[in-house]
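Following: one structure in structure tokens, then a few remarks.
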Number of protein chains: 2
Amino acid sequence: MTPLFYREQEKFYVSVDCIILGFKEGKLYLLISKRKFEPQEGQDTLMGGFLRSDESLSETVSRVVFEYTGIQDVYMEQVGTYGEIGRDEGERVVSIAYYALIDLEMFDESVCEIHNARWEEVEKVGKLVFDHNQMLRDTIEILRKKTATQPIGFNLLPEKFTLPQLQALYEAIYQTTLDKRNFRKKILEMEILEKQDDKDKSSSKRGAFYYTFNKEKYDQLLQKGYYFSL
Amino acid sequence: MTPLFYREQEKFYVSVDCIILGFKEGKLYLLISKRKFEPQEGQDTLMGGFLRSDESLSETVSRVVFEYTGIQDVYMEQVGTYGEIGRDEGERVVSIAYYALIDLEMFDESVCEIHNARWEEVEKVGKLVFDHNQMLRDTIEILRKKTATQPIGFNLLPEKFTLPQLQALYEAIYQTTLDKRNFRKKILEMEILEKQDDKDKSSSKRGAFYYTFNKEKYDQLLQKGYYFSL
DNA sequence: GCAAAAGTGTTAGGTGTACACCCATGA
DNA sequence: TCATGGGTGTACACCTAACACTTTTGC
């Protein structure tokens with residue numbers, strides 16, 4: 001069944017590596033675990049897995065993300081493919097990196113123990129195996145461009161969030177501070193947020209109103225040629 | 001030598017597909033050839049090749065681009081990786097797409113005959129094999145974003161080019177028209193172009209001055225925190 | 001002399017950015 | 001009553017976008 005010409009070609013191990021990001025306490029966090037086999041066993045690594053023949057790439061990513069977080073249907077995007085000959089010291093492996101954005105309130109803490117996994121501040125991540133640091137850098141660069149032009153940051157927040165939370169998220173992604181008034185003006189005039197009646201009182205006495213992201217409204221605006229931009 | 005855990009994993013065919021772009025007569029062109037083996041033999045296809053164990057991904061791309069254009073050291077960027085199970089009807093193949101920007105004056109016409117290749121206007125490209133149309137669409141989207149923020153368009157032009165040529169290039173990429181005065185003002189005030197003493201008289205009686213892109217000057221500006229933007 | 005493309009400045013409107021004070025509440 | 005974070009409006013600088021005429025020269 002395999003065409004003749006194909007059979008003359010070499011085959012390779014193909015893996016996915018997942019840059020799983022979460023947000024809490026005003027900081028971006030990366031899920032890191034200890035590598036469970038040689039080479040570099042015991043070193044800090046991204047979550048990864050080998051591609052299987054009954055899976056598309058994104059299915060492999062979903063499997064890996066679910067295994068390490070207990071969450072399904074996460075937002076994910078391809079970062080790029082890393083294919084240098086010596087990148088994996090064990091064997092020639094071509095690896096496709098994906099980032100995934102997680103709402104930490106959905107995260108199942110028990111998997112941390114199972115997999116020796118932990119959440120590390122993105123800004124404080126140390127040496128990871130192979131080219132995983134490069135994958136992380138590439139992810140952050142892509143994330144910065146993407147969050148500026150598409151409303152994907154909400155994937156890092158709970159369904160209901162406050163404007164101070166949202167602003168802190170953008171500040172963490174861009175590693176900068178933003179003017180409160182300008183931020184609120186800009187995000188609210190897009191009219192893609194729905195103000196709720198209740199408040200989050202966990203971080204102040206006065207409390208901050210909850211908002212939700214209205215995807216339908218955003219899609220309508222896209223149709224009319226409007227663009228998200230922050 | 002191969003670690004035990006790896007040996008339990010499946011291996012896959014890995015290929016690269018190249019979106020080779022050129023620019024002439026105010027239009028973007030894509031290099032297309034006829035597929036030389038089953039399945040879909042004889043259909044229009046991007047230039048592709050299988051990854052070999054002694055090559056990195058970009059080396060494979062260089063080999064393919066050289067084979068089909070006779071040009072070395074081309075500008076190239078990864079577009080993305082396509083790994084759906086049934087995308088190649090012949091066998092499971094994971095394919096990494098790269099685009100390459102070619103100066104058509106360097107192009108060796110003789111390879112067209114050898115490979116049944118031809119330059120087709122990007123806007124008029126018909127059905128290609130597998131998911132190659134998707135790869136092309138993704139390329140154009142990336143190219144539009146990238147040319148707006150980085151000076152990569154020059155790779156599609158000869159060493160010496162005129163401002164009307166450069167403007168036509170941007171108009172072809174964005175599929176729009178630009179104001180001549182605004183365009184010239186913007187590109188010139190970046191001070192990354194060097195005006196030459198001679199003119200191109202092929203497209204008008206008066207002739208248009210040649211310019212060259214000064215990469216050193218651009219790199220210096222980058223250091224100082226300036227950004228290219230058009 | 002005329003057709004055809006190259007080249008050149010100004011202005012108005014809109015967008016981004018900087019900035020300071022009052023409000024609500026729990027302790 | 002006070003400390004803490006939430007919430008609000010304006011003014012100025014800058015950038016973007018719109019716009020028309022003159023120049024050069026080969027035919």
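So you know, we letter chains A, B, ... as the sequences are listed, proteins then strands, and number each from 1.
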Exercise. What distance separates B:Ile19 CD1 from B:Ile32 CD1, expressed to the nearest 0.5 Å?
Worked result: 11.0 Å
Exercise. Which whole-number value in Å describes the distance from B:Asp179 CG to D:dA20 P?
Worked result: 11 Å
Seminar exercise, completed: Residues pairing under salt bridge (charged side-chain N to carboxylate O under 4.0 Å, His left out) where one sits in residues 154-164 of chain A, two or more places apart or in two chains, turn out to be A:Lys160-A:Asp198
Exercise. Is B:Ser203 touching bases, backbone alone, or none of the nucleic acid, heavy atoms closer than 4.0 Å?
Worked result: sugar-phosphate
Exercise. With a 3.5 Å cut-off and just heavy-atom distances, do the side chain of A:Arg206 and the base of D:dA3 make a donor-acceptor pair?
Worked result: no
Exercise. In whole angstrom, what separates A:Tyr210's OH from D:dG7's C1'?
Worked result: 17 Å
For this session: Check DNA chain D against residues 182-195 of chain B and give the residues with a non-hydrogen atom under 4.0 Å, in numerical order.
Result: B:Asn182, B:Lys185, B:Lys186
For this session: Specify the separation, in whole Å, of atom NZ of A:Lys180 and atom C1' of C:dA18.
Result: 15 Å
Exercise. Does NZ belonging to B:Lys127 count more than 12 external heavy atoms closer than 6.0 Å?
Worked result: yes
Exercise. What integer distance in Å separates A:Arg181:CZ from D:dA11:C1'?
Worked result: 12 Å
For this session: Round to the nearest Å and state the distance from B:Lys201 atom NZ to D:dG26 atom C1'.
Result: 8 Å
Problem set entry | A:Asp200 CG - C:dA24 C1' separation (whole Å) | 15 Å
For this session: Hey, could you give me the CZ/CE distance between A:Phe228 and A:Met190, rounded to the nearest 0.5 Å?
Result: 4.5 Å
Exercise. Under the salt bridge (charged side-chain N to carboxylate O under 4.0 Å, His left out) rule, what pairs show up with a residue in residues 96-110 of chain A, not counting sequence neighbours?
Worked result: none
Problem set entry | Protein-nucleotide distance (B:Gln167, atom CD; C:dG7, atom P), rounded to Å | 11 Å
For this session: Decide, yes or no, whether a salt bridge links A:Arg118 with A:Asp44 under the criterion of side-chain N to carboxylate O below 4.0 Å.
Result: yes
Exercise. C:dG7 P sits how many Å from B:Gln165 CD, rounded?
Worked result: 11 Å
